[in-house]
Protein chains: 2
Amino acid sequence: MKPDRRPYRRESEDSRREALIAATQALVAEGGPRAATVRAIAERAGVTPGLIRHYFGSKDELSRAAYRQLIDGMTDKGADALSGVGAAPEERLAAFVAASLRPPVVDAGAVGLWAGYLHTMRADPALLAAHERGYLRYRDVLQGLIAALGRPGVAAAQMRQEAIACNAVIDGLWLEGGVLPHGFAPGELVRIGLASVGAILGTDLMAHGTFIPEIGKAPAGEGETR
Amino acid sequence: MKPDRRPYRRESEDSRREALIAATQALVAEGGPRAATVRAIAERAGVTPGLIRHYFGSKDELSRAAYRQLIDGMTDKGADALSGVGAAPEERLAAFVAASLRPPVVDAGAVGLWAGYLHTMRADPALLAAHERGYLRYRDVLQGLIAALGRPGVAAAQMRQEAIACNAVIDGLWLEGGVLPHGFAPGELVRIGLASVGAILGTDLMAHGTFIPEIGKAPAGEGETR
DNA sequence: TGTCCGATTATGCATCTGTATAACAGCGCC
DNA sequence: GGCGCTGTTATACAGATGCATAATCGGACA
């Protein structure tokens with residue numbers, strides 16, 4: 001008659017923390033912060049709610065950990081694209097921009113997760129700092145790639161504004177690409193991003209991005225016109 | 001002994017609906033969807049929770065109305081900037097971009113409100129349609145202004161991509177400006193937006209935007225360098 | 001002025017949420 | 001092989017939430 005007790009299974013601390021964080025992120029991405037209740041998180045992670053308190057102390061603490069991991073993961077993926085690409089500055093910049101504008105960075109779940117945590121972030125100075133740190137880290141990488149272009153007569157102050165602008169293009173495309181995935185043809189975000197960043201910097205990134213899969217075919221008039 | 005009944009006050013239907021929607025938006029903007037409970041909304045609107053059901057049927061219905069009003073209001077404000085400006089295409093485009101990059105459009109509350117509703121929106125086809133409609137309406141206005149520039153040899157397909165790119169710059173600046181307001185000097189977003197949109201379109205909007213308050217003083221090296 | 005209709009309020013209720021605490025079970029150690 | 005330590009589960013609980021319904025009051029209309 002007893003509702004059969006869950007089998008007792010012992011796991012490592014890292015494994016449990018990871019599972020709980022992954023479950024939290026998945027639930028927030030799918031249904032917003034409201035769907036990420038302690039019971040739902042525990043069920044998806046395959047444990048009972050008590051473990052959340054045991055490993056994180058409270059649900060808020062778990063939320064913070066999940067948000068921090070999201071931010072770190074997003075900025076890491078952009079930087080990862082730089083390894084394994086040539087030394088030409090234009091190529092490196094093009095690879096960086098392209099990597100930021102296709103999955104898994106451009107993803108409905110990631111946008112949803114980020115949006116879901118926006119309020120938590122603003123209310124919590126530690127999380128706000130995490131966001132700012134991630135944002136500036138990404139922008140610094142971008143600004144470094146811009147500086148490496150070696151354009152004569154471009155001051156540092158101007159490069160800062162260019163970095164903000166390029167970052168904004170990428171952010172905006174990331175946002176709408178995640179919210180309205182069907183509104184853009186495959187590869188279109190990458191092409192638009194490369195063209196825009198190139199225009200802002202006065203460099204033809206498309207010409208230097210022939211190694212990028214999205215470049216090279218159907219340069220104009222593809223697919224939907226709206 | 002009775003906890004003193006709230007004074008009975010009769011109001012028009014429009015007034016009540018407006019008050020409830022405004023209260024909902026304010027609460028979501030401040031503390032996320034979680035803070036917008038029926039009791040909190042009613043209290044801020046100066047009524048009792050029952051009126052929500054009376055006027056909107058359910059809390060979900062009220063949420064939908066609040067989101068729709070946000071979307072309509074945001075796109076309206078951009079279009080409003082076009083009235084009262086000259087007929088020169090560059091001037092009109094510059095005014096439109098500038099209006100989208102300063103308060104009340106760039107505002108922490110607006111970003112928070114939008115983010116708070118992202119999941120509600122995705123789960124509700126009607127709200128998703130409202131978002132898409134608002135987005136495309138805004139982009140169409142932008143594309144119309146771009147087409148009015150009358151640049152020779154620019155095809156319609158290219159103008160679509162330019163409109164997406166310019167929209168992305170504005171969205172990205174709107175986003176970070178709302179999330180990290182202290183990260184940018186006053187007027188910096190407007191200047192960066194005008195410079196970037198101009199670069200993407202191959203037109204010097206700064207030269208045509210002398211009537212814009214943010215233009216004309218401190219063109220370089222102002223304020224913080226990071 | 002009296003009366004009735006509807007806007008508004010107050011109360012009740014089932015459900016859910018986060019947390020605290022007690023009970024339990026597998027592993028390592030002697 | 002018995003036994004404690006601790007990771008894990010189960011239960012309890014106070015408060016919140018959305019919704020339904022009954023009670024009440026103000027004004028319009030005759």
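Predicted, not measured: the structure shown is a model, and the values here were computed from it. Computed from heavy atoms alone, side chains included, the values below leave out hydrogens, waters and symmetry copies. Order of the sequence lines sets the chain letters (A, B, ...), proteins ahead of strands, with each chain counted from 1.
Each of B:Leu145, B:Val190, B:Leu194 was compared with B:Val97 under the side chain to side chain contact (heavy atoms under 4.5 Å, CB included) criterion, and only B:Leu194 meets it.
The phosphate of D:dT8 has neither OP1 nor OP2 within less than 4.0 Å of any side-chain N or O from A:His54. A:Arg34 has no side-chain polar atom (N or O) that falls below the 4.0 Å cut-off from OP1 or OP2 of C:dC16. Taking side-chain N and O atoms only, B:Tyr55 has a distance below 4.0 Å to OP1 or OP2 of C:dT8.
A:Arg39 contributes a side-chain N or O that forms a donor-acceptor pair with the base of C:dG18 under 3.5 Å.
Nearest nucleotide to the B:Lys59 side chain, out of C:dA10, D:dG18, D:dT8: D:dG18.
Mapping A:Arg10 and A:Thr37 onto DNA chain C via the closest heavy atom, the residue that lands nearer the 5' end is A:Thr37. Looking at which nucleotide of DNA chain D each of B:Ala36 and B:Arg9 is closest to, the 5′-most match is held by B:Ala36.
Nucleotide D:dT8 holds its C1' atom 12 Å from the CG atom of A:Leu20, rounded to whole Å. With rounding to whole Å, B:Arg53 atom CZ is found 15 Å from D:dT17 atom C1'. Going from atom CD of A:Glu43 over to atom P of D:dA10 covers 12 Å, rounded to whole Å. Summarising the geometry, the separation between CZ on B:Arg16 and P on C:dA7 is reported as 11 Å, rounded to the nearest angstrom. Between the P atom of D:dG18 and the CG atom of B:Asp60 lies a distance of 9 Å, rounded to the nearest Å. B:Glu13 places its CD atom 14 Å from the C1' atom of C:dT8, with the value rounded to the nearest Å. Counting to the nearest Å, the P atom of D:dT8 and the CZ atom of A:Arg17 are 12 Å from each other. Distance CG (A:Leu62) to C1' (C:dT17): 15 Å, rounded to an integer number of Å.
At a threshold of 4.5 Å between non-hydrogen side-chain atoms, the residues A:Val179 and B:Tyr135 do not count as touching.
Summarising the local packing, CD of B:Glu43 is surrounded by 12 or fewer heavy atoms from other residues, nucleotides or ligands at distances under 6.0 Å. Counting non-hydrogen atoms of neighbouring residues, nucleotides and ligands closer than 6.0 angstrom, the CZ atom of B:Arg34 reaches no more than 12 such neighbours.
Between A:His131 and A:Trp114, the two ring planes are tilted [angle within 30° to 60°].
Across all strands shown, B:Glu11 has heavy atoms under 4.0 Å from sugar-phosphate atoms exclusively, and none from any base.
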